[in-house]
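Heads up, the thing below is written out as structure tokens.
Note that ligands are numbered from 1 as they come in the structure, with each ligand's atoms numbered from 1 the same way.
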Amino acid sequence: MISLPDSAFRRLSSLALAEAGLDLQEGKQSFVASRLQKRLRATGAQDFEVYASLVEGSDPAAVEERQYLISALTTNVTSVFREPHHFALLARALKALDRGRSDPLRIWSAGCSTGEETLSMAMICRCVFGPAWIAHARILATDIDYISLSIAKSQFGDPSLIVALQDGAAAALGTRGDTPRVDISDLQAGITYLRHSLIEPLPVPRPFDIIFCRNVTIYFAADIQRTVQADLIDRLAPDGLLCLGHSERLLIEDSDLRLIGQTSYAGKSSSFAEIVPCR
Ligand SMILES: C[S@@+](CC[C@H](N)C(=O)[O-])C[C@H]1O[C@@H](n2cnc3c(N)ncnc32)[C@H](O)[C@@H]1O
């Protein structure tokens, strides 16, 4: 394994911070070294100083290599119906917030990785609204990692994925044996994928009714985590639902959001939430 000297580590971690908000400042040197070995091989860089110079530039090759760098340094672990309590809450929110076919609900799966989270959300929409679910809700799925996104977009025929989605929905909704049979294409039809870094403005003007941003900001530097969360809150409708990941919590204390369940927050005028005291 090619070793990563301190100076190259500082250069690469600064880039990861600037591009993706990733906190690689302390104790992550061996992680970075091992994750980037394959990029050294792919680019032919003989050491990390050469690789850092290659990736720091502004020419198209450097811009492209930065995408590979970020892809190599992000953690993309995900699964169908991960943290299932959020999906029971999602179903409640969908029913309460539904505006009918003329104005579909706007849902954001931020940091969607390879798409299992987004497909699980779409499956709940399908169960709640029926075969014409995309008249009632649309999902935007974003991630910084273009490799994960391309996998997400191409999730279609795997029979075990369909079974996992149906079983997960049945468990979340308590409807075992009564979950509709679906094609992944019916779920994908209501999802739009977009490469986007959460530290950059999202080019979407209207607020979202529901935002899932789970197990993403945990990797960010603390100040960036706050800024991103403030942006998520700004983008959430006043009666909306925000779900974070199991080891994340809202760092913004003066927001109008209320904690309504495990890492789940509702806007102040929401009607779907049984309010529990904030912890
Ligand atoms: C651990 S996965 C979480 C996937 C899914 N939300 C879940 O909980 O199962 C974290 C995802 O966040 C993405 N990510 C990391 N930094 C990001 C950024 N600055 N903007 C958008 N996505 C980012 C990674 O590419 C990765 O796919």
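- Distances from ligand 1 to the non-hydrogen atoms of Gly21 include no value under 4.0 Å.
- Geometrically, ligand 1 and Arg82 share a nitrogen or oxygen pair separated by less than 3.5 Å.
- Residue-ligand proximity, Asn215 to ligand 1, at heavy-atom distances under 4.0 Å covers atoms 1 (C), 2 (S), 3 (C), 7 (C), 8 (O), 10 (C).
- Under the 4.5 Å side-chain heavy-atom criterion for Ile, Leu, Val, Met, Phe, Trp and Tyr, Phe87 and Phe272 are members of the same hydrophobic cluster.
- Every atom of ligand 1 is numbered from 1 in the order shown, and the set under 4.0 Å from a heavy atom of Glu117 is 5 (C), 6 (N), 7 (C), 8 (O).
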Item to complete: Take Phe220 and Thr227 through the test side-chain contact (heavy atoms from CB on, under 4.5 Å) and record every step on the way to the result.
Response: CA-CA 10 Å; Phe220 294 171; Thr227 308; over 6 Å; no
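- Side chains of Gln29 and Asp6: a donor-acceptor N/O pair is present below 3.5 angstrom, by distance only.
- For His196, the closest heavy-atom approach to ligand 1 falls below 4.0 Å.
- Across Asp143, Ile224, Thr74, Thr142, heavy-atom proximity to atom 13 (C) of ligand 1 is greatest for Asp143.
- Using a 3.5 Å distance cut-off with no hydrogens or angles, the side chains of Ser113 and Thr78 do not pair a donor with an acceptor.
- Side-chain atoms of Arg106 come within 3.5 Å of backbone atoms of Pro207 as a donor-acceptor pair (strictly under, hydrogens ignored).
- Residue Thr78 approaches ligand 1 through these ligand atoms, each under 4.0 Å from one of its heavy atoms: 4 (C), 5 (C), 7 (C), 9 (O).
- Nearest protein neighbour of atom 4 (C) of ligand 1, counting heavy atoms only, is Gly111 O, 3.3 Å.
- Within the listing of ligand 1, atoms 4 (C), 27 (O) sit less than 4.0 angstrom from a heavy atom of Ser113.
- Proximity to Asn76 (heavy-atom distance under 4.0 Å) selects the following atoms of ligand 1: 24 (C), 25 (O), 26 (C), 27 (O).
- If you check which protein heavy atom lies closest to atom 17 (C) of ligand 1, you get Ile144 CG2, 3.5 Å.
- Annotation for ligand 1: atoms under 4.0 Å from non-hydrogen atoms of Asp145 are 25 (O).
- Other residues, nucleotides and ligands place no more than 12 heavy atoms under 6.0 Å from the CZ atom of Arg249.
- Atoms of ligand 1 found under 4.0 Å from any heavy atom of Arg214 (numbered from 1 in listed order, with element): 3 (C), 5 (C), 6 (N), 7 (C), 8 (O).
- The contact set between ligand 1 and Phe220, taken as ligand atoms under 4.0 Å from a residue heavy atom, comprises 16 (N), 17 (C), 18 (C), 19 (N).
- For Ser7 and Glu49, the side-chain atoms include at least one donor-acceptor pair closer than 3.5 Å.
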